[in-house]
Amino acid sequence: MLYSEKVMDHFRNPRNLGTMDDADAVGEVGNAKCGDIMRIYLKIKDDIITDVKFITFGCGSAIASSSMATEMIKGKPVSEALQLSNKAVVEALEGLPTHKLHCSVLAEEAVKAAVKDYYDKNGIAYDKEQFKQAPTCACGE
Ligand code: FES
């Protein structure tokens with residue numbers, strides 16, 4: 001089977017799907033090659049991510065990755081969300097086919113973009129190095 005049960009579950013029943021009117025931060029990223037777009041909304045209180053929503057115009061793996069990523073950062077401090085790697089998302093999904101790894105990179109980048117938006121909006125200083133683009137995967141997509 002190409003996709004794990006976890007991927008299929010998160011694709012069929014995405015967690016935290018939707019938009020947020022009163023978001024404290026929004027991150028949007030796109031993959032230039034496949035054209036897929038992912039947007040993540042964060043509600044933050046006392047440096048804790050109290051709510052997360054996402055919308056993804058993209059493939060099933062991108063939807064599953066963003067769903068899993070939102071679950072992984074909900075209730076966590078902002079600084080912890082920033083540490084979320086696409087590798088951790090893939091592990092939590094019990095794997096993705098190699099040519100679909102870049103879809104999980106999109107999830108990592110969307111979370112980072114949202115955190116950056118939060119820092120920018122609130123005048124919080126940060127190390128720009130933390131927001132360097134994740135290495136693009138070697139899948140060629
Ligand atoms: Fe574009 Fe998956 S994110 S194919």
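When a ligand or atom number is given, it counts from 1 through the structure's own listing order. Along the sequence shown, residues carry numbers from 1.
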Spatial distance of atom CD (E5) from atom CZ (R12) [nearest 0.5 Å]: 8.0 Å
Give a yes or no on whether C103 keeps an N, O or S atom under 2.8 Å from atom 1 (Fe) of ligand 1. no
4.0 Å heavy-atom contact, H102 with ligand 1: yes
side-chain contact (heavy atoms from CB on, under 4.5 Å) partners of S65, counting only residues at least two apart: V89, L93, L96, S104, A107
Does a side-chain N-to-carboxylate-O contact under 4.0 Å join D24 and K121? no
Which one holds for K100 and ligand 1: side chain close, backbone close, both close, or neither close, with close meaning a heavy atom under 4.0 Å? side chain
Suppose we only allow N, O or S atoms; which atom of D36 ends up nearest to atom 1 (Fe) of ligand 1? OD2
Metal check, atom 2 (Fe) of ligand 1 vs C34 N/O/S, cut-off below 2.8 Å: no
Go through ligand 1 atom by atom and flag the ones less than 4.0 Å from a non-hydrogen atom of A62. 3 (S)
One finds that the ligand 1 atoms under 4.0 Å from a non-hydrogen atom of C59 are 2 (Fe), 3 (S), 4 (S)
Donor + acceptor pair across side chains of Y126, D120 (<3.5 Å): yes
Around K6, counting heavy atoms of other residues, nucleotides and ligands shown, do more than 12 lie under 6.0 Å from its NZ? no
Quick one: list whatever passes ring pair (Phe, Tyr, Trp, His ring centres under 6.0 Å) with F57, sequence neighbours left out. none
